[in-house]
Amino acid sequence: MIPYNHKDIEKKWQKKWEEEGLNKTGESSDKKFYILDMFPYPSGEGLHVGHPKGYIATDVYSRMKRMQGYDVLHPMGFDAFGLPAEQYALKNKVNPNVSTAKNVARYKEQLKMLGLNYDWDREVNTTDPKFYKWTQWMWKQMYKSGLAYESYDPINWCPSCKTGLANEDLENGKCERCGSDVEKKPLRQWTIRITDYADRLLADLDKLDWEPHIKELQRNWIGRNYGLKYKLKVKGVDMYVETYSTHYEAFCADTFAVIAADHKLLPELISNITNKEEILLKAKEISVLRNSAGFKADEIVEGIFTGIYLEDPITKKDLPLWVSSYALADYGTGIIKCSAHDERDFAFAKKYGIGLHLVLLPDDSSIREKVSTHEVCFSDFAHSTLIEPEIFKGKKPHDIREEIADYIAQKGWAVKSTQYKLKDWVFARQRYWGEPFPIVFDENHKSYAVADSELPVVLPMVDEYEPTGTGESPLANIKDWIEVYGYINDDGEFVSVPSTVAEKVSVQFLDINDDGGHDSYQSKKEVKERNNVACIIKHPTEDKYLISKWKTVTWNGFVTGGIEDGETAEDAARKEVLEETGFTSIKNVEVKDFFSHSLFYHPVKQENRFAHYHLVIVELASLDREKISDEEQAICDLVWVNKEEVESLLTRFDMRSLWQFYVHGKVTEEPKRKVQKFKRETNTMPQWAGSSWYYLRYIDPHNENAFVDKAKEHKWSPVDFYVGGAEHATRHLIYARFWHKFFFDLGLLSYDEPFTKLQTVGLIMAEDGRKMSKRWGNIVNPDDVVEKYGADTLRLYEMFMGPFDQSVAWSTSSMAGVNRFIERFFKLKEKVNNDVEVGQDIEILFNQTIKKVGDDILEFKFNTAISQMMILLNTLEKEESVPLRMYKGFVQLLAPFAPHVGEELWKELGQDTSVHLSEWPQFDETKLASDTVTIALQIGGKMRGTFVTQRGLEDDEVLNLAKEHEQYKKFVGGAVPKKTIIIKDKLVNIVI
RNA sequence: GCCCAGGUGGCGAAAUUGGUAGACGCACUUGCCUUAGGAGCAAGCGCCGUGAGGCAUGAAGGUUCAAGUCCUUUCCUGGGCACCA
């Protein structure tokens, strides 16, 4: 007999929870908890059984927190921009807009199937224009602050994905996505100065409650490095160059210097050298070699002498400067002072016959011979002794590193300096499926941010989105989208001329500096002045206003009309309102002064008009209305809005009018604001853009005025617990921390770190021990598992498999064991009896279980929490009957893990509110330990037996009992113990 | 090469942080029940040994009355970085 039917109860409760809004974020407690999963990238394959492990864990955790009285924010969303979605779409010939929506729907269905308690009202999707409006807005703040800049430097280019990549996107020098060898390619791109934040990103790791190895990964990635920066005179020219050394301890050994082949200063340095052409050619060769795909630095040593010498500030010796293949232009200063005590310097000097000088002798005398004959390079600074300079002679360089730096710095030869391995963030992709940049360029390629009113810059729906491979995004082919008309406002930002206006009226006129090709351009014509009204129509009783939404041209937002000769503004307003809206009774009309002036070309009347707009407030007496003509209705919608919206419309109206030519009340020849053609930026943002801040949007997902409301942000931030894959350590988690800090600095966020506590998830491997993959055909589909065993079994099993952060192989038979546990749990209900009590041992076990389950969930030790429940079940099953209160508590403990089973049993126990809203069981502190203990008897440190006593016996009492033990008699007998160790309530150890 | 994390039964793993190693689950063995069982129930289950006992936490040393846990050396496995001066 199967005691429960998972299919019925899971569907039933999921439906009920959704109807009752069980998972709506609570807003009633003063204790908040924000627990977050790394949102998924919805691939075409749907979830496999490994994906939801983290989601189940946060689900268990958040359910318990809610039962403990917290307001819990536990949201979910989708990170749907990026290459895989685009590749999938290309392969299957569907628009990514379509395939993404489909994949998201499938993911959501699967997540819901697992009974995860997400508040779907807060779902975010990075590809939703309402979301990426704010991604664009935020990037714009970086642009405006100078943090985001345009660069043309060579970057990593994946020839297969046809896009530039950030350093973080490489894996062993290959494209992380497709495994192709990456080459260096000069490319116009947007870059973000994440290196400005390197120090803080490093230092603030100390305040985070993250797993140590993740912090370590970030530390290594940031790669802070401390050394000395020297300034060296170039011999014979009035120039100085700088070098950077971290291993400066052997500074007296320096005999030459090298410069990166693509160093900016190289051409200038050798401008007077006779064979400079030859040198530049060789340098070029080296650069090409370096930039080619699959370049291996340790296999290639190339260089050429530049013909110039640098003067060593310390030894005053001349250091010949060589171009070399191992110097990096973008690390340190791109020029290195070189010595015998560095492997690469040594190899280079050997190849080109450059003189070397030893100042360091190995402690290990067996290799001293080979070192002194320059047979091998010696670079061990810890096990060696300095012989030069005199002042440090006989000391170990490792021990006096700081002393040497101080000495050199004090002499003024060099300054202390810090370098990072972290590079600025290459923040542009030459692909279609990403956020467009809120940037336009004028004809001189000067960039302008797009005004806030223009956001979002919507990614156009297109038929062709194949990457071009030329270093330009596919968007570059969409002429309609790229070319925009507009002007630059007082804030230096771009404002577009609405396309409706541009098409019907203004393009010809506005394109005033380009009079070729526009027949209707009438600039020489006389300008006619007209007086117009723009009406705000007030509701008779409420604080509401009527605006019109024109489907055709011009003054979107207001009922407008011309004032004819002999008419007052008031007359005109009455007339226009009656005609255009059909309202019949007007209470009051109030004419404001001019609020806007504009010059435009009227396409119907074929004349240039200079129009003065009077703002008129028309107050209706009633809502009586006549039917208006179909024609009017066809071109205009009427909408009631509130006062604020009217006010914002007025600003907009005013702004719109700016593209016309009005200066100090007079029409001028030259426009004050020149409307011109601009080109949109065609790169798109990398996949990491949306995920850098999505966690903030959950807090206030529908806000149209800000990316997050400050007060709400203050309440929910920071994320208390963040759960996801360790593979994000050096990308998402660095980017998001950086992004967050920038907005903290702008005063827009309350804390300078986004994620207080981080927990990584261990992978679930396939039953064969390999990664689950289509390639191996070993994927376990959660749909099948849920079908056969139910969501609760899947959930419980994934939490029971092993330590949460460790990767474990799937085991179907193990899962069947967990399923048995649930069924036995159900059966136990038959033994429930309200009037029964149990013995002390069980009472204690029960209290211990409450404590352990609660503690373990907090520490993400779900496997031991579950095993404790199994122990309790095993024990209770042996009883004749089980007290109702105990079973109820047990159901509550199980409910976070198996929410459907929990809810079903809770209901069957006669409860009418949800178990998930019930109060988490409390344990009785006094009932955690029994009053008897088992004492271990050791003799000479070896276990010889145990005995049971009262808890809390004094040492001599315990010893007396131990002496009674037959093992004592056997092994100690009459001998006199040398020593007796007694650990209270634990053990007796007799040393003989 | 450098930096992390980790090595415990046939398997997944526990171990109150120096105090009874192997909880809990899987698999396996035996028995009961059953027409049957890939169901249920009961018992057993680290290795050697009939037994007393001995040996066991990758290996070797050390500290300690006592080590899976601390120290030293070393070997594997997984992950990250690898031209970063």
Side-chain angles (χ1 to χ4, degrees), chain A residues 1-2 170-173 211-221 223-225 227-228 243-248 257-258 260 290 295-301 324-328 330-339 342-345 379 419-423 726-727 729-730 763 797 800-803 805-818 820-821 823-824 827 848 852 855 861 863-874 877 934-946 970 977-992:
Chain A
M1 180 205 75
I2 291 173
L170 304 189
E171 225 167 59
N172 295 323
E211 289 154 290
H213 71 281
I214 299 291
K215 291 192 190 184
E216 200 55 31
L217 284 179
Q218 290 213 348
R219 283 193 193 101
N220 291 342
W221 190 262
R224 193 183 135 108
N225 207 323
L228 293 175
T243 67
Y244 175 73
S245 307
T246 58
H247 289 295
Y248 50 74
V258 295
R290 286 191 57 93
F295 170 74
K296 287 245 174 2
D298 48 352
E299 289 167 13
I300 288 159
V301 179
S324 91
S325 58
Y326 68 90
L328 294 162
D330 58 356
Y331 184 80
T333 61
I335 306 177
I336 316 162
K337 232 147 71 88
C338 304
S339 80
D342 177 283
E343 298 280 354
R344 287 151 310 166
D345 296 350
S379 59
Q419 294 291 324
Y420 300 93
K421 209 191 78 174
L422 182 73
K423 298 276 189 292
E727 69 275 16
T730 54
L763 287 177
Y797 171 58
F800 182 64
M801 288 177 90
D805 58 350
Q806 202 170 299
S807 79
V808 197
W810 185 262
S811 156
T812 303
S813 58
S814 248
M815 184 173 59
V818 171
R820 271 202 284 280
F821 167 74
E823 296 192 345
R824 281 163 48 207
K827 270 195 200 155
Q848 284 173 338
K852 183 155 179 66
D855 290 352
K861 287 158 72 175
N863 54 336
T864 50
I866 293 168
S867 87
Q868 181 69 29
M869 288 193 282
M870 287 173 166
I871 293 168
L872 180 62
L873 179 65
N874 291 348
E877 270 180 337
T934 306
I935 306 281
L937 174 62
Q938 292 187 355
I939 290 153
K942 283 198 187 295
M943 270 300 298
R944 292 300 178 192
T946 59
K970 180 171 174 190
K978 269 193 217 151
K979 199 172 175 185
T980 311
I981 290 119
I982 295 166
I983 307 292
K984 196 163 189 177
D985 292 338
K986 282 214 168 121
L987 134 164
V988 176
N989 187 5
I990 314 289
V991 187
I992 43 174

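A, B, ... follow the sequence lines: proteins, then strands. Residue 1 opens every chain.
Judged as a ring pair (Phe, Tyr, Trp, His ring centres under 6.0 Å), and not counting sequence neighbours, A/H213 has no contacts.
Looking at heavy-atom distances under 4.0 Å, A/E216 makes contact with sugar-phosphate atoms alone, never a base. Contacts of A/E211 with the nucleic acid, taken as non-hydrogen atoms under 4.0 Å apart, are absent. Residue A/R224 is out of contact with every strand shown, counting any heavy-atom pair closer than 4.0 Å. A/N863 comes within contact range of the sugar-phosphate backbone alone, with a heavy-atom separation under 4.0 Å but no base atom that close. Within the 4.0 angstrom heavy-atom criterion, no nucleotide atom of any strand lies near A/K852. A/P212 comes within 4.0 angstrom of no nucleic acid atom, judged by non-hydrogen atoms across all strands. Within 4.0 Å of A/G332, counting heavy atoms only, lies no atom of the nucleic acid at all. Residue-level contact check: A/I336 touches the bases, meaning some heavy atom is under 4.0 Å from a base atom. Nucleic acid contact for A/T243: none, since no nucleic acid atom lies under 4.0 Å from a heavy atom of the residue. A/S325 comes within 4.0 angstrom of a base, heavy atoms only. Residue A/A726 is classed as having no contact, given no heavy-atom separation below 4.0 Å to the nucleic acid. Within the nucleic acid shown, A/N989 comes within 4.0 Å of at least one base atom, counting heavy atoms only.
Spacing between atom OH of A/Y244 and atom C1' of B/rC84 amounts to 9 Å, rounded to whole angstrom units. In this structure, A/Y797 places its OH atom 10 Å from P of B/rA13, rounding to the nearest Å. A/H247 places its NE2 atom 13 Å from the P atom of B/rC2, with the value rounded to the nearest Å. Distance, A/M870 CE to B/rG25 P: 6 Å, rounded to whole Å. At whole-Å resolution of the value, CD in A/E343 and P in B/rC83 are 14 Å apart. For A/L170 and B/rC84, the CG to P distance is 16 Å, given to the nearest whole Å. The nearest whole Å value for the distance from the NZ atom in A/K827 to the P atom in B/rA39 is 12 Å. A straight line from CZ of A/R824 to C1' of B/rC41 spans 11 Å, rounded to a whole angstrom.
Counting only heavy atoms from C-beta on, A/W221 has its side chain closest to B/rC81 among B/rA27, B/rC81, B/rC83. Picking from B/rC65, B/rC24, B/rU16 the nucleotide with the shortest atom distance to the side chain of A/K986 gives B/rU16. In this structure, the nucleotide among B/rC83, B/rG19, B/rA14 sitting nearest to the side chain of A/T864 is B/rA14. Side-chain atoms of A/V991 lie closest to B/rC65 of the nucleotides B/rA14, B/rC84, B/rC65. The A/T934 side chain lies nearest to B/rU20 when the options are B/rC84, B/rG12, B/rU20. Closest approach to the A/L328 side chain among B/rA15, B/rG54, B/rC83 is made by B/rC83 (side chain taken as heavy atoms from C-beta onward). With distances taken from any side-chain atom of A/F800 to the nucleotides B/rA13, B/rG53, B/rG25, the minimum falls on B/rG25. When distances run from any side-chain atom of A/S867 to the nucleotides B/rG19, B/rC24, B/rA13, the shortest one goes to B/rC24. Ranking B/rC55, B/rA13, B/rA66 by closeness to the A/K942 side chain, first place goes to B/rC55. Checked against B/rG12, B/rG19, B/rC26, the side chain of A/S814 finds its nearest nucleotide in B/rC26.
Across every non-hydrogen atom of A/Y244 and A/T333, the tightest pair is N-OG1, 3.6 Å.
For B/rC24, the paired nucleotide is B/rG12, the pair qualifying as Watson-Crick or G-U wobble because both relevant distances are below 3.5 Å. Nucleotide B/rC47 forms a pair with B/rG54, judged by Watson-Crick or G-U wobble geometry with both contacts under 3.5 Å. Pair assignment for B/rG6 gives B/rC76, based on Watson-Crick or G-U wobble hydrogen-bonding distances that are each under 3.5 Å. Here B/rA82 sits opposite no nucleotide as a Watson-Crick or G-U wobble pair (both hydrogen-bonding atom distances under 3.5 Å). Nucleotide B/rC70: paired with B/rG62 (Watson-Crick or G-U wobble, both distances less than 3.5 Å). Figure legend. B/rA42 is base-paired to B/rU30; pairs are counted as Watson-Crick or G-U wobble with both atom distances under 3.5 Å. As the counterpart of B/rG37, no nucleotide is assigned, since no Watson-Crick or G-U wobble pattern has both distances under 3.5 Å.
Phosphate contact (OP1/OP2 of B/rC84, side-chain N/O of A/N220, threshold under 4.0 Å): absent. The side chain of A/Q868 contributes no N or O atom lying less than 4.0 Å from OP1 or OP2 of B/rC24. The phosphate of B/rC81 has neither OP1 nor OP2 within less than 4.0 Å of any side-chain N or O from A/R219. Contact between the side-chain N/O atoms of A/R820 and the OP1/OP2 oxygens of B/rC26 is found at a separation under 4.0 Å.
Nearest-nucleotide positions on RNA chain B place A/G940 closer to the 5' end than the other of A/G940 and A/D330. Both A/L987 and A/M801 sit near RNA chain B, but only A/M801 has its closest nucleotide nearer the 5' end.
In B/rG12 the base sits anti relative to the sugar, since the glycosidic angle is further than 90° from 0. Base orientation of B/rU17: syn, the glycosidic angle falling within 90° of 0.
For the C1' atoms, the distance from B/rG68 to B/rA56 is 11 Å, rounded to whole Å. For the P atoms, the distance from B/rG79 to B/rA13 is 16 Å, rounded to whole Å. Nucleotides B/rC45 and B/rG25 have their P atoms positioned 15 Å apart, rounded to a whole Å. With C1' as the reference atom, B/rU16 and B/rC55 are 27 Å apart, rounded to whole Å. Straight-line distance between the C1' atoms of B/rC70 and B/rU64: roughly 10 Å, to the nearest whole Å. The gap from the P atom of B/rA27 to that of B/rG49 amounts to 28 Å, rounded to the nearest Å. Distance check on atom C1': B/rU72 versus B/rU63 gives 11 Å, rounded to whole Å. For the P atoms, the distance linking B/rU50 with B/rU57 amounts to 23 Å, nearest Å.
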Below 3.5 Å is the cut-off: list the nitrogen or oxygen pairs between protein and nucleotides 60-64 of chain B, distance only.
none

When the side chains of residues 808-817 of chain A are checked against the rest of the protein, which donor-acceptor pairs come out under 3.5 Å, sequence neighbours left out?
from   : atom 1 : to     : atom 2 : distance (Å)
A/S811 : OG     : A/S814 : N      : 3.1
A/T812 : OG1    : A/E767 : OE1    : 3.3

Side chain to side chain contact (heavy atoms under 4.5 Å, CB included) between A/V988 and A/I990, worked out:
CA-CA 7 Å; A/V988 176; A/I990 314 289; 3.7 Å; yes
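Listed for the A/N863 side chain is no donor-acceptor partner under 3.5 Å among the backbone atoms of A/M801. A distance-only check finds no donor-acceptor pair linking the side chain of A/R290 to the backbone of A/F295 [under 3.5 Å].
A salt bridge does not link A/E823 with A/R820: none of the charged nitrogens is closer than 4.0 Å to a carboxylate oxygen.
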